[in-house]
2 protein chains.
Amino acid sequence: MTATIRDVARRAGVSVATVSRLVNGTGRVREKTAERIRDAISVLGFRPNVVGRSLKTAHTMALGVVIPSMSNPIFADTVAGINEAARSLGYTLMFTSTDYDAAEEERAVSALLGYRVDGLILTVADPEHSTILDALDRDRVPYVLVHNQPSPRRRPTVAVDNVAAGRAVADALLALGHARVGMISGRFSASDRAEARHRGFVQRLAQLGAPPPAVREVSFLEQDMESVLAPLYTAGGEAPTALFCSNDLLAIAVIGALSRLRFQVPHDVSVIGFDGIAVGTHLHPTLATIVQPAREMGRAAAVKLTSRLAGREEPAVTILPHVLRLGESAGQAARRATDADNNLHGAQRRTPS
Amino acid sequence: MTATIRDVARRAGVSVATVSRLVNGTGRVREKTAERIRDAISVLGFRPNVVGRSLKTAHTMALGVVIPSMSNPIFADTVAGINEAARSLGYTLMFTSTDYDAAEEERAVSALLGYRVDGLILTVADPEHSTILDALDRDRVPYVLVHNQPSPRRRPTVAVDNVAAGRAVADALLALGHARVGMISGRFSASDRAEARHRGFVQRLAQLGAPPPAVREVSFLEQDMESVLAPLYTAGGEAPTALFCSNDLLAIAVIGALSRLRFQVPHDVSVIGFDGIAVGTHLHPTLATIVQPAREMGRAAAVKLTSRLAGREEPAVTILPHVLRLGESAGQAARRATDADNNLHGAQRRTPS
DNA sequence: AGCTTTCACGTAAACGTTTACATTTTTATG
DNA sequence: CATAAAAATGTAAACGTTTACGTGAAAGCT
């Protein structure tokens with residue numbers, strides 16, 4: 001069917017070795033023969049079979065990518081960055097998204113390993129207790145984590161400092177005068193970074209003597225945010241005036257739910273997200289958030305991985321800077337004074353059915 | 001390093017053929033030997049090398065995916081759908097995004113072909129005049145287009161009827177009383193679907209006796225939408241009261257730019273997008289749009305492709321239904337009457353610097 | 001001229017599978 | 001129990017490359 005190196009060799013009247021040398025630029029070949037070979041290649045439409053090559057060379061020039069979800073722009077952007085860097089380094093991507101399913105994580109990695117990708121870039125649910133990662137370490141499969149929270153084990157990682165960012169959110173909210181705050185987070189078991197953000201948040205709150213936040217863990221695919229929020233806001237005057245959401249998608253859903261519950265953002269409750277996805281700036285109110293340099297993180301991950309593949313020494317963990325973007329969704333806490341005063345806003349609220 | 005089928009065979013005291021048969025479930029093997037082999041496999045951590053297998057079997061169980069951009073949720077969702085279907089069919093994805101660069105399209109396909117993917121799923125700039133597609137046809141490489149506008153050549157495609165959708169937008173806008181409309185579109189040369197949407201739009205406008213729309217082609221990555229829009233709105237009373245944008249991302253940018261130009265959407269100008277990306281419903285005003293079933297389209301494309309690979313006959317083109325979602329960004333045209341009347345709103349507008 | 005290098009190229013053995021075909025073992029049959 | 005049929009397994013050749021090694025020719029040197 002499609003031409004092989006043998007066909008080319010025959011037509012050019014040389015041996016396959018010479019063709020291989022020309023194609024790969026390894027070893028010299030006389031200009032005259034080179035021309036004959038090039039001719040043969042173009043008339044036969046020869047395209048080197050990478051799988052044959054890979055079998056022999058024991059590397060595939062393919063990188064495996066495993067992320068939780070394609071539908072979250074933060075990951076899409078990360079992949080875009082990986083793609084960009086990988087391409088320019090001559091690598092191709094093999095890709096899977098797991099839809100936040102831990103079992104699927106394992107299947108995906110296993111499949112990729114079957115293809116003998118040269119390395120993996122992944123965002124896993126819980127790197128601390130990951131049998132997958134343990135297996136990769138054992139088998140000496142090169143990988144780098146992206147977005148996962150770096151831990152004492154110092155697995156190769158590109159991330160932001162989620163804990164510090166969580167603290168920053170606490171600072172910001174307190175500075176805006178919020179006394180009672182809450183957090184709506186994706187399941188910690190499905191996201192170590194959500195857990196890290198929470199940890200920083202709670203820690204700083206405690207440090208500054210604020211009461212601990214109400215925390216609600218939800219599925220990353222939560223459909224019915226109203227049912228999650230309603231209970232928080234039916235209890236007496238203790239409802240949080242600001243909500244930290246572990247990612248922007250959640251924050252957007254929360255803002256929608258709040259509005260259906262007849263709360264105004266930020267007047268009644270402030271909301272701050274995490275990620276800094278592009279659409280956040282187009283929302284109304286614009287979304288307050290911690291922005292991560294997603295595309296850059298992807299690039300950095302690809303570069304780190306390929307550097308390791310090339311045997312270059314690389315720092316295990318790269319922390320990229322995050323920045324707090326104070327959008328309109330986070331505002332001053334409602335005029336605080338007495339508890340009674342808080343109830344003045346009660347009229348605007350409605351106990352959900 | 002990692003165990004081969006030979007190692008397994010040796011340890012189990014059988015031949016490689018038997019191991020292969022067991023692993024692939026082809027041919028029978030006595031339960032007793034099967035057990036020995038399974039043991040050997042698990043202690044050696046044997047994982048069949050797909051590249052060796054691919055070389056022999058001449059198929060890779062890998063599908064190539066080439067799309068313009070990862071950062072547009074419509075494509076991200078499509079890829080999610082492809083991923084989902086491919087996975088359940090036992091295929092793995094090799095992935096590239098081109099960032100709307102036609103040259104990159106070619107490189108990407110070429111790379112993928114080098115890996116001998118079993119087939120390709122792609123969204124190209126211009127399927128009608130695509131040397132890439134011609135080459136694929138010539139070399140009998142199975143592929144299916146997704147999102148591209150089906151043409152008389154009936155290349156395998158999964159799409160919505162962009163022309164009909166364009167007409168639907170014209171109908172909707174006219175029904176809302178808009179007399180002068182415009183279109184902000186990604187470059188036709190970079191997107192046949194934008195061109196198709198435009199075609200339907202213009203066609204229906206003409207059919208109904210409305211004046212032809214002002215059309216502005218912009219880059220899909222346009223940063224400065226204000227400079228694009230400003231000229232449209234400095235000319236006398238001829239400015240469009242409604243803008244059809246060839247995709248939602250553009251529509252969002254347009255709404256932002258309009259607001260910076262001190263126009264209110266939809267009061268001063270209505271905006272309607274295309275794609276139906278999820279965030280549209282969270283915007284304020286919510287985004288009027290044509291919604292495409294992106295994830296489903298991805299799934300359908302993967303299914304169509306793999307069916308063809310399996311030799312099953314499949315209709316060449318699959319048209320999935322789109323639906324018009326009339327969000328808040330499209331409203332009644334400003335009270336029309338005399339031309340003079342239109343100028344009443346002039347006070348709210350400001351000629352940009 | 002004789003010698004050593006260097007250059008250009010060819011030969012053939014891998015790489016890890018699958019799979020026709022051959023061979024052995026087991027089972028069924030009379 | 002002999003034998004035929006069926007079942008289980010083995011042998012070895014491919015698949016398309018790369019690459020160590022070998023060889024002949026040309027070039028440089030004394």
Side-chain angles (χ1 to χ4, degrees), chain A residues 1-38 40-41 44-62 90 92 111-118 139, chain B residues 1-38 40-41 44-62 90 92 111-118 139:
Chain A
M1 188 64 73
T2 98
T4 81
I5 198 175
R6 221 159 240 113
D7 302 324
V8 174
R10 188 166 331 127
R11 181 170 240 276
V14 299
S15 78
V16 294
T18 306
V19 178
S20 176
R21 277 186 286 253
L22 178 70
V23 168
N24 298 302
T26 153
R28 9 184 104 262
V29 19
R30 204 197 311 269
E31 180 52 27
K32 219 156 143 183
T33 26
E35 226 153 76
R36 288 212 314 283
I37 297 178
R38 276 192 284 261
I41 287 180
L44 294 177
F46 170 68
R47 193 195 312 275
N49 183 327
V50 177
V51 2
R53 171 182 300 168
S54 297
L55 185 56
K56 179 62 192 179
T57 62
H59 55 253
T60 52
M61 296 302 278
T92 297
L112 262 13
L113 256 25
Y115 281 95
R116 296 300 191 268
V117 292
D118 291 340
D139 297 346
Chain B
M1 189 62 76
T2 98
T4 82
I5 198 176
R6 221 159 241 115
D7 301 325
V8 174
R10 187 166 332 126
R11 181 170 240 274
V14 300
S15 77
V16 294
T18 306
V19 178
S20 177
R21 278 186 286 253
L22 178 69
V23 167
N24 299 301
T26 152
R28 11 182 102 264
V29 17
R30 205 197 310 268
E31 179 53 27
K32 219 156 143 185
T33 28
E35 226 152 78
R36 288 212 315 281
I37 297 179
R38 277 192 283 263
I41 287 181
L44 294 177
F46 169 68
R47 192 194 312 273
N49 183 327
V50 177
V51 1
R53 169 182 301 168
S54 297
L55 185 56
K56 179 62 191 177
T57 63
H59 56 253
T60 51
M61 296 303 278
T92 297
L112 262 14
L113 255 25
Y115 280 96
R116 297 299 190 268
V117 292
D118 291 340
D139 298 348

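As the structure is a computational prediction, the values presented were derived from the model and not from experiment. In what follows, every chain begins at residue 1, and chains take the letters A, B, ... in the order their sequences are listed.
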**Student:** Where do B:Ala9 and B:Ser15 come nearest, in terms of heavy atoms and distance?
**Tutor:** CB-C, 3.7 Å
**Student:** Using modelled atom types only, decide if a donor and an acceptor are shared between the side chain of A:Ser20 and the backbone of A:Val16 within a distance under 3.5 Å.
**Tutor:**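 Pair absent, no side-chain N/O of A:Ser20 close to backbone of A:Val16.
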**Student:** Please encode protein proximity along nucleotides 9-19 of chain C as a string of B, S and -, counting only heavy-atom distances under 4.0 Å.
**Tutor:** BBBB-BBBBBB
**Student:** Between B:Ser54 (side chain only) and B:Val50 (backbone N and O only), is there a donor and an acceptor less than 3.5 Å apart?
**Tutor:**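 Yes; at least one donor-acceptor contact below 3.5 Å.
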**Student:** Please check this pair: side chain of B:Tyr115 against backbone of A:Thr60, looking for a donor-acceptor N/O pair closer than 3.5 Å.
**Tutor:** yes
**Student:** Suppose the criterion is salt bridge (Lys or Arg N to Asp or Glu O under 4.0 Å): which pairs have a residue in residues 11-32 of chain B, not counting sequence neighbours?
**Tutor:** B:Glu31-B:Arg38
